[in-house]
Amino acid sequence: MKRYGLIGHPLKHSQSRFYFNEKFEYEGLDCLYQHFDLKTLDELHEVMAKYPDLCGFNVTIPYKESIIALLDDIDPTAKEVEAVNVVKVADGKLKGYNTDIDGFALLLERAVNGKTVDRALVLGTGGASKAVQYVLRQKGIAYSLVSRDAAKGDYTYDTLTDDILRQHHLIINATPVGMSPYVNDFPDIHYQGLSNKHILIDLVYNPKETAFMELGKTWGAKVYNGVQMFEEQAKRTWEIFNHG
């Protein structure tokens with residue numbers, strides 16, 4: 001049997017285990033996918049020792065950046081992004097990849113749908129945000145970062161004004177705010193500054209309609225969730241596990 005998994009903390013929101021195990025059952029594959037809720041990344045050593053049949057794993061919050069220090073090799077794109085969400089295990093060696101890029105590129109294409117986007121606001125500066133920033137650069141879309149920490153972003157949430165929102169017609173939530181089970185939470189932006197010219201993308205896929213999306217719709221924005229991104233990155237993950 002081949003074993004795969006997901007590391008992160010917490011993992012209650014994740015659908016990865018259900019997605020992959022359903023795939024394995026449907027395709028008759030002798031594989032198992034499980035969640036490893038690690039309170040610290042140091043616990044990964046215990047997982048590797050306990051499960052020598054572990055062939056690969058996904059990485060989620062909060063370890064997409066810190067996992068890099070434990071890798072033996074890293075895909076050039078993931079190295080450029082400085083974030084990893086897939087690790088292939090071969091002969092005891094760990095190689096990191098980033099499939100969030102593939103997933104977000106597809107989601108962005110669907111959301112923009114051929115329209116010209118002037119500027120984007122990216123909420124959050126963590127591992128998922130880095131993949132978003134990479135894709136925006138590749139597409140030639142200028143962006144500004146919003147962070148709770150003034151040293152990490154161009155704006156903090158309390159410095160965002162209606163005028164700033166009107167200048168950025170694409171807004172991407174790359175934070176876990178609003179993710180299950182905290183479904184009533186939402187990024188603290190001035191939603192009244194939105195209009196039908198805005199596109200809101202939430203990388204969160206559980207729930208399928210977040211409070212961020214609901215508030216955006218209230219003010220006329222078009223909204224998109226992270227389901228398609230999740231499915232695309234999972235598809236690419238399986239390709240990496242099998243072929244690299």
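Taking OG of Ser195 as the start and CG of Asp162 as the end, the distance is 11.0 Å to the nearest 0.5 Å. Atoms OG and CG, on Ser180 and Asp185 in that order, are 11.0 Å from each other to the nearest 0.5 Å. Put simply, OH on Tyr97 and CD1 on Ile240 are 6.0 Å apart, with the number rounded to the nearest 0.5 Å. Taken from CE in Met229 to CG in Asp202, the straight-line distance is 11.0 Å, to the nearest 0.5 Å. Once rounded to the nearest 0.5 Å, the distance linking CG of Leu70 with CG of Leu41 reads 5.0 Å.
Between His168 and Tyr155, the two ring planes are perpendicular [angle over 60°; tilted spans 30° to 60°]. Ring orientation note: the planes of Tyr33 and His35 are nearly perpendicular, at an angle over 60° on the 30°/60° scale. Aromatic ring pairs are classed by plane angle as parallel below 30°, tilted from 30° to 60° and perpendicular above 60°; the pair Trp238 and Phe24 is tilted.
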Distance-only donor-acceptor pairs under 3.5 Å for side chains of residues 214-223, two or more places apart:
{"residue": "Lys217", "atom": "NZ", "partner": "Glu209", "partner atom": "OE1", "Å": "3.1"}
{"residue": "Thr218", "atom": "OG1", "partner": "Glu214", "partner atom": "O", "Å": "3.0"}

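Salt bridge absent: Glu46 and Lys50 never bring a charged side-chain N and a carboxylate O closer than 4.0 Å.
Within the structure, salt bridge (charged side-chain N to carboxylate O under 4.0 Å, His left out) pairs that include any residue of residues 124-151 comprise Glu65-Lys130, Glu82-Lys130 (at least two apart or interchain).
Partner Tyr19 forms a ring-ring contact (aromatic ring centres under 6.0 Å, His included) with one of Phe230, Tyr26, Tyr205 and no other, that one being Phe230.
Residues Phe241 and Tyr4 place their aromatic rings such that the two centres sit under 6.0 Å apart.
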